[in-house]
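For reference, the structure is listed below as structure tokens.
As the structure is a prediction and not an experimental result, all values here were calculated from the model. Here is the naming used below: chain letters follow the sequence lines, and residue numbers restart at 1 for every chain.
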Amino acid sequence: MHGQRNLILGKVKMAPKITLSDYAKIIRLQNLEEIRLLAEKLQGKTVKMVNSTAVGGGVAEMLHRTVPLFNELGLNVKWEVIKGSGSFFNVTKSFHNALHGKEEEISDEMLKVYQEANEENAKEMSFDEEFIVIHDPQPAALIRAKEKSSAKWIWRCHIDTSHPQPRIWDFLVKYINKYDASIFSAPSFAKELPIPQYMIYPAIDPFAEKNRELSEKEINSVLDKFGIPNDKPIVTQISRFDYLKDPLGVLETYHLVKRSTDCRFIYAGGTASDDPESAKVLHELQDKASQEKDFHILLLPPFSDFEVNAIQRASSIILQKSLREGFGLTVTEALWKAKPVVAMAVGGIPLQIIHNFTGILVHSIEGAAYQIRYLLNNPKVAKMLGEYGKEHVREKFLLTRNLRNYLLLLVTLEHPGENIIQI
Amino acid sequence: MKEKIAKEPFRFYTSSLLVEITGKIAYHLKDFIKILKEIDVSSIFYHIHHALREYSFAPGQYSNDFARWAEEGLEEGSLAERLASINIRDFTDLEALRAKLVEIVEDHLKKAVEIRKAAPGREFYFLRNIEIITPTPYEVQTLKEFTSALDRVGMRSLYYHFFDARLRLGRKTNDFSDWIQHSLGEEEMARKIDNLDPYFITMDQLKYKIIAICMGKEI
């Protein structure tokens, strides 16, 4: 293939350090102590994380935070990034879409580009560690280096592979089956594989710009910036302009709610450069909502994490009216801000929202509108849902839980075949 | 008064669960019961128990995964109520618990006029867990040391000794009562702790009730 001769492996520069003591202010101290107890049993263990980008995207964000925490705990964890040409990343983008179920033409030439890029990377890399964790499909074919390595190899799949295009899945599964274990984010994302499949939920970083605590001043500055008066309750959906996020359904929900309860709606999100449909969706929504002074459409540029955070925190209710969803981390982020969330029961959302307990699950526009009206008129119930939702995230969907699960996985791989492991 | 020294020290342990996806999926109750009869008992343990560990901040709001699926996935209200009312403290082995679950579902199926299929995306995914047990630094020999350590250990440790113990010991008690009775000879105190109903209080409340009993306070 072309453009693959000058591969330089990325040694990743880490983000500003957040230490475990920072998390001690957020999670139960005992939970932190338990993480330390587990880590004591893994002192000095060498681990290599491998993914395809050092910046941008949830995986890189997560690795920036967790790798230093693993090392603080006494493990020896490195993170390396594979390199590839533009054509390689175009191919892996097509793979990504096809694994999500989108129709993609995957040619033999594309498969060859993928294989060759992985081979080139494998030549440049060493795999002397005790555990190798490969993130997502881009570097999955590095497994061919397993023959020369004594490490346990783990494939961590961050994407929703519940309805993949068979051609791409059949191609990748030949590599995946060679791993010692795999990790999926939800049971429905997993497939029938001959290797163990563990479930580790995605996690959010409470210290990230998108999630950190904000002052009233900061929140109001964002509302001012977008010209949104803070004079009535705000209902917000944060999503890309994508039909699968049902922006027109959000507008219909707004119409139903507004008949009886005064409020504002915000639909805020970006358009994806690799999704030509998003501009069309945005224009259609703008056109249909053009007469609605209380329906605000915000086209956010990339890196608008602070604005997203402020808009979520300014809202009385967060809506997620998606018709299809992956894990739905925007829901996790809203729950962490103790916001009552009304969301469709799709994808990973029911894992996060237990109906009438940590939020409200709905199945239709009418259901969403009814529940929003109910919560706007019953702030005590809304508050309770928000508080329980936040506790749910604190327990299950913060980075520290992710850290714990990785430690458990490493221990488990050192005790193959045991259901109860005493260490 | 001199504090009583236990015949054997008590070591606090903690346990964590790594969740494994079994790949077994039920789309309706007939699938469900077939898998339920065959699945590894660690799957039954996981689906019945994990809510107690995960949702201790809001006790009683979530019973177990089987009941939740019957309610939300199948909209089978009466089955959900029966599954939710299973008192896991009545069971000292997982096979007996499996038999009870099978009995409830089979009884429901006998009376069912239709076999409802779960909506797409609301199928039941059987998971199982691997339990990793770790000793904590806390080893105690007196009641005073015990209450002080209990105050400091995490929820998972409390869970391990109070709930898990029944299955581990195969008898209807918990580790704390077992130690207090047999190593300290405090039979009445052990009985009071064992009689606590932990299902509708938070783990923190449970912890403080145990401490109060140990300190001879009324609860």
Crowded around [X] [atom1]? As in, over 12 foreign heavy atoms under 6.0 Å?
| X | atom1 | value |
| --- | --- | --- |
| A/Y370 | OH | no |
| B/K24 | NZ | no |
| A/K390 | NZ | yes |
| B/E8 | CD | no |
| A/Q422 | CD | yes |
| B/Y199 | OH | yes |

Select one option (side chain, backbone, both, neither) describing which atoms of [X] are under 4.5 Å from chain B's heavy atoms.
| X | answer |
| --- | --- |
| A/E34 | side chain |
| A/E40 | neither |
| A/H415 | neither |
| A/R36 | neither |
| A/A186 | backbone |
| A/R404 | side chain |
| A/K41 | side chain |

Sorted by chain and number, sequence neighbours left out, salt bridge (Lys or Arg N to Asp or Glu O under 4.0 Å) with B/K100 holds for B/E103
Taking the side chain as every heavy atom from C-beta outward, state whether [X] and [Y] have any pair of such atoms under 4.5 Å apart.
| X | Y | value |
| --- | --- | --- |
| B/E20 | A/Q197 | no |
| B/V19 | A/Y198 | no |
| A/I421 | B/I133 | no |
| A/L409 | B/L18 | yes |

From [atom1] ([X]) to [atom2] ([Y]), nearest 0.5 Å:
| X | Y | atom1 | atom2 | value |
| --- | --- | --- | --- | --- |
| B/M203 | A/R28 | CE | CZ | 10.0 Å |
| B/I21 | A/S182 | CD1 | OG | 7.0 Å |
| B/E71 | A/H355 | CD | NE2 | 9.0 Å |
| B/E54 | A/E391 | CD | CD | 13.0 Å |

Chain A contact via [X] - which portion, at a heavy-atom distance below 4.5 Å:
| X | result |
| --- | --- |
| B/L17 | backbone |
| B/E72 | side chain |
| B/D204 | side chain |

Interface residues of [range] facing chain A - non-hydrogen atoms under 4.5 Å apart:
| range | value |
| --- | --- |
| residues 120-130 of chain B | B/R122, B/Y125, B/L127, B/R128, B/N129, B/I130 |
| residues 134-142 of chain B | B/T134, B/P135, B/T136, B/P137, B/Y138 |
| residues 144-154 of chain B | B/D151, B/R152, B/V153, B/G154 |

Ranked by heavy-atom pairs below 4.5 Å to chain B, first place among A/K396, A/E192, A/K191, A/H363 goes to A/K396
If you tally heavy-atom pairs under 4.5 Å between each of A/V346, A/I200, A/I423, A/N356 and chain B, the highest tally belongs to A/I423
Correct closest heavy-atom pair for A/L361 and B/R68 would be CD1-NH2, 4.4 Å
(message) What I want to find out is whether A/E33 reaches B/R156 closely enough, with some N-O distance under 4.0 Å, to be called a salt bridge.
(response) no
The single option from A/L408, A/L37, A/L407 that satisfies side chain to side chain contact (heavy atoms under 4.5 Å, CB included) with B/S16 is A/L408
